[in-house]
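Keep in mind that this is a model prediction, so the values were computed, not measured. In the text below, chain A, chain B and the rest are named by the order of the sequence lines, each starting its count at 1.
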Amino acid sequence: MVGLHAQKPEHRAPPAIFLMGPTASGKTDLAMSLVQAMPCEIISVDSAMIYRGMDIGTAKPSAEELQAAPHRLIDICDPAESYSAADFRRDALAEMAEITARGRIPLLVGGTMMYFKALLNGLSDLPSADSGLRAEIEQEAERHGWQQLHDELAATDPEAAQRIHPNNRQRLMRAIEVIRITGRPISELWAAKLAESPGTSPVRRGSGIENYPYITRWQADEQTGLPYTVYQFALAPMERSQLHQRIQLRFGKMLQQGFLDEVRALKARGDLNTDMPSVRCVGYRQAWDFLSGDIDHSTFVERGVAATRQLAKRQLTWLRKWPEVQWLDRPDPQAVVETLKKSGVPSTFMMNN
RNA sequence: GGCGCGGUGGCAGAGUGGUUAUGCAGCGGACUGCAACUCCGUGUACGCCGGUUCGAUUCCGACCCGCGCCU
């Protein structure tokens, strides 16, 4: 394939499309249509679909759909593993670079807003999680109480203490973890990223992108520091009640498709537990409780559906304040194509093959 | 028809003569390495009418509705 970028050496970063939206809004449908309409390749942005063996409950695209439109970053982890926003950023950048190098457009589709944010805005240079240290911190908390840990944080890093509620153990633990590993206040490390002026270093070292000559020639986007021109879309029905309806319907379908058998199989492995991110996923956690005999079937369904609604609400909270998104109230590929054309995406990108 | 018990916010469920029960759901929000996570905020609701009282969701009476028993 002739390098489209080489033919049209504008000093503009190559395109990338973000397709975001709450659960059950029809993102997969729209992505499938877009793959038909233009030369793009899908990268999943979903913290649950990364897990192998978790297909029904995560609403993973079907085998036929995956055949027609391969999704990257799906089925990349065992349910016993955990995966972080930093992992995602690294992997997504590598996949984007590869797709772009082939003259195609990366289409990032999903609902894990934290991953989108990490990709778009980057992350500070922080150490990754240390399970040993976390266990230690947890023990201390059991002895002295979480409040005391928060007091401790307030003494050494008042800014972080102010931003993290004392009840938010997970984030409190993370802050203390980082401080103990680096010996520096976490708020200082957060600030370090903001100081780095965006746009000046188009290629992030270690991202994998520097291996692709097509890309290194472009300026990074001024806003994000990403070496892509990002077009962002948010898909969600206008009416919340409509989304609730879809969620309810879809949960019922999942049950018919054997969702409980899927969870039964996970449970039967014997090495998974409810502290793991995989088992904490919406629906799975409630199914786990049901299969353990802690709740009855109707409670399971009720709580599973409610948890999904709550997920959708949190996703919408992210999206509402998201800058520069175009909202779509239904999975209409034409609307996306039109926007891209108007935005000056080269027409060679608009025709498939 | 008679007797008994009960009617509390969308649901569940305490309670009191005058100061917010609470839980769940819903809604709003935060969120830089577990993010489909984690966390924060948010509702004077007491069946109806009358009476007692400075004051009634709480006491008294009638009525309506539900459940149970009796004829």
Side-chain angles (χ1 to χ4, degrees), chain A residues 21-24 27 44-51 54 57-60 77 79-91 110-131 133-134 138 146 150 159-160 162-175 177-178 181-182 186-194 196 240-241 243-244 247-248 250-251 254 272-288 295 298-299 301-322:
Chain A
T23 186
K27 295 185 296 293
S44 162
V45 185
D46 191 303
S47 62
M49 291 191 197
I50 58 170
Y51 291 115
M54 292 173 59
T58 60
K60 210 175 272 176
C77 291
E81 297 176 305
S82 51
Y83 188 75
S84 72
D87 294 332
F88 171 79
R89 183 176 153 88
R90 178 200 60 223
D91 293 345
T112 302
M113 301 312 296
M114 163 94 154
Y115 287 3
F116 274 114
K117 194 188 176 205
L119 179 58
L120 204 53
N121 300 153
L123 294 166
S124 296
D125 187 20
L126 303 177
S128 51
D130 178 330
S131 57
L133 181 52
R134 287 188 177 190
E138 214 152 332
W146 288 95
H150 192 269
E159 191 191 324
Q162 206 190 0
R163 282 173 59 172
I164 299 170
H165 190 100
N167 290 349
N168 202 339
R169 299 170 177 197
Q170 202 177 90
R171 306 252 147 84
L172 177 55
M173 167 127 79
R174 172 63 180 160
E177 173 188 60
V178 169
I181 291 173
T182 63
I186 191 171
S187 62
E188 203 177 283
L189 299 167
W190 284 334
K193 195 206 103 197
L194 297 174
E196 165 193 319
R240 179 76 59 93
S241 59
L243 192 59
H244 285 180
I247 286 169
Q248 172 107 29
R250 196 176 67 173
F251 200 87
M254 286 175 176
L272 303 177
N273 64 65
T274 50
D275 288 332
M276 296 176 169
S278 56
V279 182
R280 287 193 183 193
C281 283
V282 156
Y284 289 87
R285 188 197 309 226
Q286 292 77 19
W288 197 275
I295 57 176
S298 67
T299 306
V301 175
E302 192 185 330
R303 288 190 190 171
V305 172
T308 313
R309 285 195 298 258
Q310 289 166 345
L311 165 63
K313 187 157 84 81
R314 292 195 303 273
Q315 291 170 313
L316 286 167
T317 298
W318 279 102
L319 245 16
R320 248 181 242 121
K321 62 166 186 187
W322 205 268

Given [options], identify the nucleotide with an atom nearest to the side chain of [X].
{"X": "A:Ala48", "options": "B:A35, B:G33, B:A36", "answer": "B:A36"}
{"X": "A:Cys281", "options": "B:C40, B:A36, B:G33", "answer": "B:A36"}
{"X": "A:His165", "options": "B:C40, B:U32, B:A35", "answer": "B:C40"}
{"X": "A:Gln170", "options": "B:C34, B:A30, B:U32", "answer": "B:C34"}
{"X": "A:Thr317", "options": "B:C39, B:U32, B:A30", "answer": "B:A30"}
{"X": "A:Val282", "options": "B:A36, B:U32, B:G29", "answer": "B:A36"}
{"X": "A:Arg240", "options": "B:U32, B:G28, B:A35", "answer": "B:G28"}

- request: Kindly say whether A:Leu119 contributes a backbone atom to a donor-acceptor pair with the side chain of A:Arg89 at under 3.5 angstrom?
  value: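 Looks like yes, one N/O pair under 3.5 Å.
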
N/O donor-acceptor pair under 3.5 Å between A:Lys60 side chain and A:Ala48 backbone: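 No, the answer is negative, given that no donor and acceptor are paired below the 3.5 Å cut-off.
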
Donor-acceptor pair under 3.5 Å, [X] side chain vs [N] base:
{"X": "A:Asn168", "N": "B:A30", "result": "no"}
{"X": "A:Arg169", "N": "B:U38", "result": "no"}
{"X": "A:Arg309", "N": "B:A36", "result": "no"}
{"X": "A:Lys313", "N": "B:G28", "result": "yes"}

message: With a 4.0 Å limit, can you tell me whether A:Thr112 has a side-chain N or O closer than that to the phosphate oxygens OP1/OP2 of B:A36?
response: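 True: A:Thr112 side-chain N/O within range (under 4.0 Å) of B:A36 OP1/OP2.
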
query: Taking atom SG of A:Cys281 and atom CE of A:Met54, what is their separation to the nearest 0.5 Å?
result: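 Answer rounded to 0.5 Å: 4.0 Å.
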
field: Chi class for B:G33: syn within 90° of 0, otherwise anti
entry: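 Syn conformation for B:G33.
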
message: Both A:Val178 and A:Ala306 contact RNA chain B. Taking the nearest nucleotide for each, which residue is further toward the 5' end?
response: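 Going by which nucleotide is closer to the 5' end, it is A:Ala306.
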
Touch check for [X], heavy atoms < 4.0 angstrom, all strands: base, sugar-phosphate only, or nothing?
{"X": "A:Arg174", "value": "base"}
{"X": "A:Tyr284", "value": "nothing"}
{"X": "A:Tyr83", "value": "sugar-phosphate"}

query: Mind checking whether A:Tyr115 and A:Phe88 have parallel, tilted or perpendicular rings, split at 30° and 60°?
result: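 A:Tyr115 vs A:Phe88 ring planes: parallel.
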
